[in-house]
Protein chains: 4
Amino acid sequence: MRKREGNKEKDILDAAVKVFADSGYHRSKVTSIAEAAGVATGSVYLYYPNKESILLKIFDRLWTDFTHTLQETVKRSDYDPVQKLDLVIDHLFNIFVANPALAVVFVNEQQYLINNKKGNIGKHYENFLDLAEEIIHEGVKKKIFNPDVDVKLYRHFITGGIRSVLFYWAQSTPSSSLDRVRLNVKLFLRNGLLL
Amino acid sequence: MRKREGNKEKDILDAAVKVFADSGYHRSKVTSIAEAAGVATGSVYLYYPNKESILLKIFDRLWTDFTHTLQETVKRSDYDPVQKLDLVIDHLFNIFVANPALAVVFVNEQQYLINNKKGNIGKHYENFLDLAEEIIHEGVKKKIFNPDVDVKLYRHFITGGIRSVLFYWAQSTPSSSLDRVRLNVKLFLRNGLLL
Amino acid sequence: MRKREGNKEKDILDAAVKVFADSGYHRSKVTSIAEAAGVATGSVYLYYPNKESILLKIFDRLWTDFTHTLQETVKRSDYDPVQKLDLVIDHLFNIFVANPALAVVFVNEQQYLINNKKGNIGKHYENFLDLAEEIIHEGVKKKIFNPDVDVKLYRHFITGGIRSVLFYWAQSTPSSSLDRVRLNVKLFLRNGLLL
Amino acid sequence: MRKREGNKEKDILDAAVKVFADSGYHRSKVTSIAEAAGVATGSVYLYYPNKESILLKIFDRLWTDFTHTLQETVKRSDYDPVQKLDLVIDHLFNIFVANPALAVVFVNEQQYLINNKKGNIGKHYENFLDLAEEIIHEGVKKKIFNPDVDVKLYRHFITGGIRSVLFYWAQSTPSSSLDRVRLNVKLFLRNGLLL
DNA sequence: TATGAATGAGTATTCATTCAT
DNA sequence: GATGAATGAATACTCATTCAT
């Protein structure tokens, strides 16, 4: 699709993130999104076939980006597994620092999309988790990580935990330091609660 | 007069858990719940003032139970903090083992209720987190847990992580061993990924 | 129907007058009537086949009474037509003085029943108007009343006017003197506005 | 864009008058109004926020018009009070001659709106009555009208009487001469029944 | 007779999507 | 491409009536 002047497609996407963050996907009206984007209601349908496809696009971009970064990270031979995990977490947090509303949408709507097998978000998510798994496997192989862990469970635990603290952070007013959050997550992943 | 046959209030609640788990709260129709409960549509409104109150009741019961158990656990002087965390986790998992659909509803709808400050679920959740915090504080004080952790962040991380693995387990078919999940959670909480 | 102890049939009717006066027929619930009457919901249906029949019974009694009085009045040879009209008006007002809620129901619901040809209220009303017509005819014949009047129109005008002032009186708080209302009506019927 | 074809707002209002006249406000379905107006159900809500607002709009227009005419009439110094009353009555009747269904709605639903203090119909009505009162006061002052009348009562009596004869006329089939009705009303207002 | 829990048909309103301009 | 008025399917909730006890 040729980019139009002013890039309405992106305007609509950005507006949708804000509206979804405020009201939640189900309670958001297409008309509100159009209004927030400064376009007519009908114009939304020139760029997206339906309301759901807007949400899907948001997640598609996000996961594509996450996965790309993770792929690059996995490959690196100059980092040990602990540093790799740090790098991934840094990337996730950087995205959400730049766009807190995106963090809210991510936390609130991800489950819905996966449950209902919408688009290929589930696929994206699986890819991401598989890549994350590689790092953990590497750590186990290199005797840095505990070999008793069930890697599939851990990757779920970690992403769920991150989603939860992100939400906590995104909702807190005024937004407290995300760096503090980031540091604690890294610390916990490595050491758990114990000294 | 017509005596209450069986326990319609409970029948409706149980049916709602199943219907909500299958379709999600927003896509569930009151008529479907009534049908699943084997009662007429109008009968639902004899026991619950509206659709949302059914969801609220589900969470109210759940959190009341969780909080009660946690309170009992916190008090115990014969257990160290690690054992206390184990006990709480055991209780959560036992509930969900007995009713996997409840786990699905819990994972999917909790955020919606808290975001929109529905009922006193947010309050319940805060209470629960505060109690969990006490155990962590105790652990830090007794030099069992790492004093550098931000307790508020950790309690969110942990509950988010647990929600996520529960969901993973509840969706897997046939339901794999929840004991494996439970064990790994306990392990991870203590040690993180490192050896 | 054999009268039961406590006379539930009448209790229900009296309660219905109050409830209808407060909320209007359409917004009144059968359950509210039962509650106001101190009986169970189902008991209402032992005495009346449905909600509408309660309203019909109220009007049936009222019009039967009105018509009976009017019949007696028309017959009297010791009164001239002006005195006869006074007598009828006195009777109407006496009923409503004794039960202001009845006046409100009468004013508000009469039209609905006639429009929809419910029961034989229309018939009752016609009977009443026909009898009233007789008095007017008598007055015209005796050269007391204006022969140019269209009697059918006048009887409607008069009953509509009376309904309106009754409503005005019933709604006014504290209920002002109904005697004042009564006097003015009589005065106006005879003389109109002119001196 | 899709231009507003014709005048849907007015089409809906006109259709509503017909539907309300036929079935009464409470028994009228929004879908029936839409169908009668030749628009989709949803389109009704583009022009009116809810069903009641349609009824309110009908009365608002009517009373605004009545009050405007009455204001003009009260001012005129070239008419005596009797002529002024005639003028007002003429106006009312002209409106309803042009739209008999409107007369039916007016008669049937006015009370409901006033009882329940919907919109500002009560206010409109009070304004109208106050203006009418001025004419009567003028007549009393000029010794044309009887000074013994209670003006507030009379204005209610008159409007109630008119409503009643209008209803009688609107229901009669085929609609008989409204001029006959009009003439009798004027006659009665002045002279009452007496010669 | 009396009860009141149970029933289920009926309806106002919303909002994603379309399409005439 | 752009618009926004128009569409109509979908659904929570009410309440007169029934009927098992």
Side-chain angles (χ1 to χ4, degrees), chain A residues 1-2 4-6 8-9 26-35 38-54, chain B residues 1-6 8-9 26-35 37-54, chain C residues 1-2 4-6 8-9 26-35 38-54, chain D residues 1-6 8-9 26-35 37-54:
Chain A
M1 199 177 316
R2 193 160 62 84
R4 289 151 201 84
E5 35 162 348
K8 285 198 166 64
E9 186 179 351
H26 280 105
R27 275 166 304 283
S28 296
K29 301 176 213 170
V30 173
T31 295
S32 305
I33 296 170
E35 193 179 14
V39 302
T41 305
S43 299
V44 172
Y45 288 85
L46 293 175
Y47 299 92
Y48 301 93
N50 51 45
K51 179 181 167 185
E52 193 172 85
S53 67
I54 307 175
Chain B
M1 73 160 184
R2 208 148 154 193
K3 287 275 167 46
R4 296 196 176 199
E5 304 143 11
K8 285 198 166 53
E9 185 176 351
H26 280 105
R27 276 165 305 286
S28 297
K29 293 179 248 170
V30 174
T31 296
S32 307
I33 296 170
E35 195 178 12
V39 301
T41 306
S43 299
V44 172
Y45 291 87
L46 288 177
Y47 298 94
Y48 302 93
N50 51 46
K51 180 181 165 185
E52 192 173 87
S53 67
I54 307 175
Chain C
M1 199 177 316
R2 193 159 63 84
R4 290 151 198 84
E5 35 162 350
K8 284 198 167 64
E9 185 180 352
H26 280 104
R27 275 166 304 281
S28 296
K29 301 176 212 169
V30 173
T31 295
S32 306
I33 297 170
E35 193 180 15
V39 303
T41 305
S43 300
V44 172
Y45 289 85
L46 294 175
Y47 299 92
Y48 301 93
N50 51 45
K51 180 182 168 185
E52 193 173 84
S53 67
I54 307 175
Chain D
M1 71 161 185
R2 209 151 155 191
K3 287 277 168 45
R4 295 195 177 199
E5 303 143 12
K8 286 198 166 52
E9 185 177 349
H26 280 105
R27 276 165 304 284
S28 296
K29 292 179 247 170
V30 174
T31 296
S32 307
I33 296 170
E35 194 179 11
V39 301
T41 306
S43 299
V44 172
Y45 290 86
L46 288 177
Y47 298 94
Y48 302 93
N50 50 48
K51 181 181 166 185
E52 191 174 87
S53 68
I54 308 176

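We name chains A, B, ... by the order of the sequence lines, and we start the count at 1 in each one.
- In DNA chain F, the stems built from three or more successive Watson-Crick or G-U pairs (distances below 3.5 Å) are E:2-21 with F:2-21.
- Annotation: F/dT21 and E/dT1 have their C1' atoms spaced 13 Å apart (nearest Å).
- C/Ser28 comes within contact range of the sugar-phosphate backbone alone, with a heavy-atom separation under 4.0 Å but no base atom that close.
- Taking D/Glu35 as the reference, nothing meets the side-chain hydrogen bond (donor to acceptor under 3.5 Å, both in side chains) condition, with sequence neighbours excluded.
- For the pair D/Asn50 and C/Val44, both in contact range of DNA chain E, the more 5′-proximal nearest nucleotide belongs to C/Val44.
- Every residue two or more places apart in sequence or in another chain that forms a side chain to side chain contact (heavy atoms under 4.5 Å, CB included) with B/Tyr48 is listed here: B/Glu9, B/Ile12, B/Leu13, B/Ser53, B/Ile54, B/Lys57.
- In this structure, of E/dT13, F/dA12, E/dT17, it is F/dA12 that holds the atom nearest to the side chain of B/Tyr45.
- The shortest non-hydrogen separation linking B/Val44 to B/Ala34 is CG2-CB, 3.7 Å.
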When you compare the protein's N or O atoms with those of nucleotides 8-10 of chain E, which come within less than 3.5 Å of each other, and at what distance?
residue: E/dG8; atom: N7; partner: B/Gly42; partner atom: N; Å: 3.0

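- With rounding to whole Å, C/Arg27 atom CZ is found 17 Å from E/dT11 atom P.
- Contacts of D/Ser32 with the nucleic acid, taken as non-hydrogen atoms under 4.0 Å apart, are absent.
- Taking every heavy atom of both residues into account, A/Tyr45 and A/Asn50 meet most closely at CE2-CA, 3.8 Å.
- Straight-line distance from the CD1 atom of C/Ile54 to the P atom of F/dA16: 10 Å, rounded to whole Å.
- Of the candidate nucleotides E/dT13, F/dA16, E/dT3, E/dT3 has the atom nearest to the side chain of C/Leu46.
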